[in-house]
Amino acid sequence: MKPLPRSFYSRETAIVARELLGKMLVRLTDHGDIAAKIVEVEAYKGSDDPASHAYRGKTSRNQLMFGKAGFTYIYFIYGNHYCLNVTTETESIPGAVLIRAVEITRGQEIARRNRRVEALKELSNGPGKLTQALNITKAHNGLDLTETKELFICDPEVKESFNTVVTKRVGIKAGREKPWRFYLKDNEFVSRS
DNA sequence: GAGAAGATCTCCT
DNA sequence: GGAGATCTTCTCA
């Protein structure tokens with residue numbers, strides 16, 4: 001389980017988003033490890049993307065999007081939820097990929113304890129759900145994903161083939177026309193809208 | 001310093 | 001299918 005290198009993330013955001021599908025998100029905790037396959041993502045960019053936090057320039061919250069690629073960008077939303085993003089592009093171009101849904105393949109019991117639901121499908125089929133299932137909070141903001149620490153992303157042990165679906169993003173008011181949402185076809189953990 | 005909106009989830013009908 | 005929960009961050013004064 002070797003983390004993906006910085007060069008994977010230092011590319012155009014939509015390309016990174018699409019290629020993150022099928023990768024493994026790994027969470028190491030004191031109570032055990034959790035591994036989850038990424039099944040749904042969305043790309044967010046900079047000045048050409050009105051839905052992005054980076055659209056109106058750099059602020060204290062979004063500065064990670066303007067920094068190096070391969071770091072986490074986690075923010076609190078709607079008074080209840082954390083959303084997990086991965087930074088992309090270079091230090092001069094802002095960009096991030098929102099991890100919207102994962103399929104937990106290892107550590108399911110730990111994830112169940114972190115959430116209050118029994119159904120496996122309900123554990124991680126949404127951006128706010130998966131952060132709760134993996135116990136990801138603001139404390140993990142700005143983490144370097146290229147190091148084997150408590151949170152990183154690596155290639156799957158067995159590479160599966162799958163079809164990728166490209167659609168418009170959800171849950172936003174501006175920039176709805178951009179085809180920057182990607183998910184695995186027929187995967188039941190993909191969030192609906 | 002105040003007001004409004006938000007990359008969502010859950011419960012209720 | 002719809003509204004409430006709940007609090008951080010941004011914008012403007």
Side-chain angles (χ1 to χ4, degrees), chain A residues 9 12-21 23 25 36 38-67 69 71-89 93-104 111-143 145 151 153 164-184 187-193:
Chain A
Y9 302 101
E12 205 277 321
T13 307
I15 293 174
V16 179
R18 180 190 274 265
E19 294 193 11
L20 274 173
L21 291 177
K23 303 291 189 203
L25 179 65
I38 298 172
V39 302
E40 180 184 354
V41 296
E42 282 179 4
Y44 286 87
K45 308 210 213 182
S47 55
D48 60 338
D49 181 6
S52 172
H53 287 171
Y55 183 58
R56 295 176 188 283
K58 197 171 176 178
T59 67
S60 58
R61 175 173 68 161
N62 69 21
Q63 58 180 328
L64 280 157
M65 286 183 72
F66 290 79
F71 284 80
T72 58
Y73 167 44
I74 296 163
Y75 60 87
F76 195 60
I77 191 72
Y78 296 125
N80 277 314
H81 311 287
Y82 293 102
C83 287
L84 171 64
N85 295 252
V86 178
T87 62
T88 61
E89 311 266 0
I93 304 174
V97 176
L98 170 68
I99 312 290
R100 286 191 56 86
V102 299
E103 176 180 347
I104 297 175
R112 273 210 180 87
R113 258 175 271 144
N114 291 335
R115 283 183 42 74
R116 284 164 50 185
V117 294
E118 278 298 312
L120 180 62
K121 190 177 156 186
E122 288 297 319
L123 284 180
S124 56
N125 62 341
K129 295 179 184 179
L130 74 92
T131 52
Q132 191 183 9
L134 301 199
N135 193 24
I136 293 170
T137 68
K138 206 173 170 182
H140 304 99
N141 194 25
L143 222 62
L145 288 166
L151 188 66
I153 298 173
T164 301
V165 180
V166 183
T167 61
K168 297 169 184 175
R169 295 175 294 181
V170 297
I172 54 173
K173 287 185 176 171
R176 280 175 173 161
E177 74 285 357
K178 313 272 193 194
W180 291 340
R181 177 177 182 228
F182 307 92
Y183 63 87
L184 298 190
N187 186 289
E188 61 174 342
F189 291 86
V190 171
S191 70
R192 302 289 177 189
S193 166

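Computed from heavy atoms alone, side chains included, the values below leave out hydrogens, waters and symmetry copies. Chain letters run A, B, ... following the sequence lines, proteins first, then strands; residues in each count from 1.
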Looking at residues at least two apart in the chain, or sitting in another chain, which of them share a side chain to side chain donor-acceptor pair (under 3.5 Å) with A:Asn85?
-> none
Contacts of A:Glu89 meeting salt bridge (Lys or Arg N to Asp or Glu O under 4.0 Å) (sequence neighbours excluded), chain-then-number -> none
Scan A:Ile172 against the nucleic acid and name what it touches under 4.0 Å (heavy atoms): base, sugar-phosphate only, or nothing.
-> sugar-phosphate
Here the distance between atom C1' of C:dT11 and atom NE2 of A:His53, to the nearest Å, is 15 Å
Under 3.5 Å, is there a donor-acceptor pair between the side chain of A:Gln132 and the main chain of A:Lys129?
-> no
A:Val97 versus A:Thr13: any side-chain heavy-atom pair under 4.5 Å?
-> yes
Kindly write out the residues that satisfy salt bridge (Lys or Arg N to Asp or Glu O under 4.0 Å) with A:Lys178, not counting sequence neighbours, or none if the list is empty.
-> none
Flag the pair A:Tyr183 / A:Thr167 as yes when at least one side-chain heavy-atom distance between them is below 4.5 Å, and no otherwise.
-> yes
Heteroatom pairs (N/O) under 3.5 angstrom, protein to nucleotides 8-10 of chain C:
residue, atom, partner, partner atom, Å
C:dT9, OP1, A:Lys138, NZ, 3.4
C:dC10, OP1, A:Thr59, OG1, 2.3
C:dC10, OP1, A:Arg61, N, 3.4

Sequence neighbours excluded, the answer for side chain to side chain donor-acceptor pair (under 3.5 Å) partners of A:Asn135 is none
Below 4.5 Å, heavy atoms only, C-beta onward: do A:Leu120 and A:Arg112 meet side chain to side chain?
-> yes
Which value, rounded to the nearest 0.5 Å, describes the distance between A:Leu145 atom CG and A:Thr87 atom OG1?
-> 7.5 Å
For DNA chain B, write out the stems as range with range, using runs of 3 or more consecutive Watson-Crick or G-U pairs with both distances under 3.5 Å.
-> B:1-6 with C:7-12, B:8-12 with C:1-5
Within residues 112-128 of chain A: residues closer than 4.0 Å to DNA chain C (heavy atoms) | none
Counting only N and O atoms by type, is there a donor-acceptor contact under 3.5 Å from the side chain of A:Arg115 to the main-chain atoms of A:Leu123?
-> yes
A:Arg18 meets the side chain to side chain donor-acceptor pair (under 3.5 Å) criterion, sequence neighbours left out, with none
Nucleotide range of DNA chain B contacted by chain A, 5' to 3', under 4.0 Å to a heavy atom?
-> B:dG6 to B:dT10
Those residues at least two apart in sequence (or on a different chain) that pass side chain to side chain donor-acceptor pair (under 3.5 Å) with A:Asn114 are none
Got a donor-acceptor contact below 3.5 angstrom from the A:Glu40 side chain to the A:Ser191 backbone?
-> yes
What pairs meet the side chain to side chain donor-acceptor pair (under 3.5 Å) rule with one or both residues in residues 42-55 of chain A, with sequence neighbours excluded?
-> A:Glu12-A:Lys45, A:Glu42-A:Tyr44, A:Asp49-A:Arg169, A:His53-A:Tyr73
Would you say A:Asn141's side chain and A:Lys138's backbone share a donor-acceptor pair under 3.5 angstrom?
-> no
Mind listing the N/O atom pairs, protein and nucleotides 3-5 of chain C, below 3.5 Å?
residue, atom, partner, partner atom, Å
C:dA5, N3, A:Asn80, ND2, 3.3

